[in-house]
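Just follow the structure's listing: the first ligand is 1, and inside any ligand the first atom is 1.
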Amino acid sequence: MSLLAENYPLPAEGTPQNISILGATGSIGLNTLDLISHHKSRFSVDALTANENAKLLAEQAKRFNAKFAVVADDSAYKELRDALSGTGIETAAGVSGLVEAAERPVDCVIASIVGTAGLEPTLSAVKKGQRIGLANKECLVCAGELFMNEVEKCDATLLPVDSEHSAIFQVFDFDSPERVDKIILTASGGPFRETSLQDIQNATPEQALRHPNWRMGKKITIDSATMMNKGLELIEAFHLFPVSVDQLDVIVHPNSVIHSLVQYCDGSVLAHLGTPDMCIPIAYALSWPDRIECPVKPLNLAEIGTLNFEDVCSERFPALALCRQALQADGSGPTILNAANEIAVSAFLSKQIGFTDITRIVSSVLEVADQENMMKKASDLHEVAVIDAYGRRQAKTAVEISR
Ligand code: NAD
Ligand code: MG
């Protein structure tokens, strides 16, 4: 992904940039709206979407004078329509509504729906050549190559919101990628970095949801606890930046102050540092190539004192190696892995399976898929959908067996 800043003139003074947020009621969505509320003259809101929380969505739409509000879940539509009647704010529901929201021409679409559900609307924004602040990592994991081909073909602008990828984007030499030796993704290690293997086995959703450094949605918080999140991010980085799988490293950095690093052929290592707050990468995606102020406590290195690093413990976190293998196999492994993981995480959150069952189930689904010849590369999005559905079915069966 190479973007030339000079092709993106800064907005004229006094003309607010129109922003749409897919997934406005989630953690990234709320952070984005908070940031917009600090820059009212710079940004205005066009479309907002949610899954089912019509009440919060309607409040947000009114507060930010949105033009269009969409709930994905049809059963929440009446509540949304009633709450917004007489306001002049248009409403819609379902996937078609999400797609309509994504296609409305704006200055930036923040793609922050969680999971594969984000693929179709985000891709619709891509196809309209929009500028996209991409938070949703699952769409790159499940359809990375096809997604990036569309970005290229439709001349869309993709700006990473995931903090590691925003960091890499800021220190990667896109003019001379051959000078890059490797990308080093940092991982906090999550809540179980020092937990014994025995205790990890018995970890509850409440414990797994207690992330030491970041406040995020439930799915990504569980992914951080298994370290599947870092594996998904490795796949995400592979699609976003011109490097091979072997050039992608991960290091545990419990402080979450360095958000990722790029190592160059001369031994120089460029890092991006900042207070661990998603407001910073969101602000960068919204304002790039400019920078805007963020309502975030400035980084105080003297207060932090020491930055710590350690290798990833592969025994504790087998999910990372699983993601790497799936990517290296160069087929549909990532699509199946992602689908199985979504099912397993949801089963863990509803206490149907244990914590370590998540990675075990994902691994077993990949094995079955290999035996059943389902790992071949998808040639179009329809095939991706078929493979994704297959992964979900297999994972549901594995959950049933584990209960
Ligand atoms: P979240 O669960 O807090 O919010 C998800 C949003 O998507 C909500 O608005 C929800 O209503 C909507 N949604 C859920 N299911 C939907 C469906 N089926 N159809 C349409 N909309 C649906 O999640 P989050 O933590 O904000 O994460 C969003 C995405 O950003 C994820 O892909 C995550 O991996 C990525 N991300 C999040 C963070 C973070 O700090 N939260 C950091 C990096 C990347
Ligand atoms: Mg991240």
The answer for which part of Ser163 has a heavy atom under 4.0 Å from ligand 1 is neither

Ranking Ile113, Ile220, Leu22 by closest non-hydrogen atom to atom 29 (C) of ligand 1, top hit is Ile113

The answer for which part of Ala117 has a heavy atom under 4.0 Å from ligand 1 is side chain

Worksheet item: Is any side-chain N of the basic residue among Asp223 and Lys137 closer than 4.0 Å to the acidic one's carboxylate O?
Response: no

To the Mg ion (ligand 2), the closest N, O or S atom belonging to Glu233 is OE2

Ligand 1 atoms nearer than 4.0 angstrom to some heavy atom of Gly23 are 6 (C), 7 (O), 9 (O)

Which atom of Glu164 is nearest the Mg ion (ligand 2), counting N, O or S only? It is OE1

shortest atom 25 (O) of ligand 1-to-protein heavy-atom contact is with Gly217 N, 2.8 Å

A student comparing Glu52, Met278, Glu138 should find that the heavy atom closest to atom 42 (C) of ligand 1 comes from Met278

I'd like to know if the side chain of Ser402 pairs up with that of Arg360 as donor and acceptor (distance under 3.5 Å, no hydrogens or angles considered). yes

Regarding Asn149 and Glu145, is there a side-chain donor-to-acceptor distance under 3.5 Å anywhere?
-> no

Within 4.0 Å of some non-hydrogen atom of Ala50, the atoms of ligand 1 are 11 (O)

Numbered in order shown, the ligand 1 atoms found under 4.0 Å of a heavy atom of Ala72 are 19 (N), 20 (C)

Short version for Leu98: what comes under 4.0 Å of ligand 1, heavy atoms counted, is side chain

When every non-hydrogen atom of Ala167 is compared with those of His272, the smallest separation belongs to CB-CB, 3.5 Å

Closest heavy-atom approach to atom 11 (O) of ligand 1 among Ile28, Asn51, Leu140 is made by Asn51

For Ser44 and Asn65, which I'm curious about, is there any donor-acceptor pair between the side chains at under 3.5 Å? no

Margin query: Can you confirm, on distance only, whether ligand 1 has an N/O atom lying under 3.5 Å from any N/O atom belonging to Arg215?
Written below: no

Note: heavy atom closest to atom 44 (C) of ligand 1, options Asp162, Asn31, Asp277, belongs to Asp162

Side-chain H-bond candidate by donor/acceptor type, Thr397 with Glu400, under 3.5 Å: no

among protein heavy atoms, the one nearest atom 3 (O) of ligand 1 is Ser27 N, 2.9 Å

Ranked by distance from atom 9 (O) of ligand 1, the top protein heavy atom is Thr25 OG1, 2.8 Å

among protein heavy atoms, the one nearest atom 28 (C) of ligand 1 is Ser112 O, 3.4 Å

Counting only heavy atoms not in Glu372 (residues, nucleotides, ligands), do more than 12 fall under 6.0 Å from its CD? yes

Residue, atom and distance of the protein heavy atom nearest atom 4 (O) of ligand 1 read Gly26 CA, 3.1 Å

For Ala24, the atoms of ligand 1 under 4.0 Å from one of its heavy atoms are 9 (O)

For the residue pair Asp266 / Ser268, report whether a side-chain donor-acceptor contact shorter than 3.5 Å exists. yes

For Asp162, the N, O or S atom at the shortest distance from the Mg ion (ligand 2) is OD1

query = Can a donor-acceptor pair be found between the side chains of Ser124 and Glu120 at a distance below 3.5 Å?
reply = no

Note: Ala135, heavy atoms under 4.0 Å from ligand 1, region reported as both

Distance col, row Lys351:NZ vs Arg403:CZ, nearest 0.5 angstrom, shows 14.0 Å

protein heavy-atom neighbour closest to atom 34 (O) of ligand 1 works out as Lys137 CE, 3.1 Å

Check: Does Lys377 pair with Asp330 as a salt bridge, N-O distance under 4.0 Å?
Finding: yes

Has Thr91 got a side-chain atom pairing as donor or acceptor with Ala69's backbone, closer than 3.5 angstrom? no

Can you see whether Gln352 engages Ser350 through a side-chain donor-acceptor pair at a distance of less than 3.5 angstrom? yes

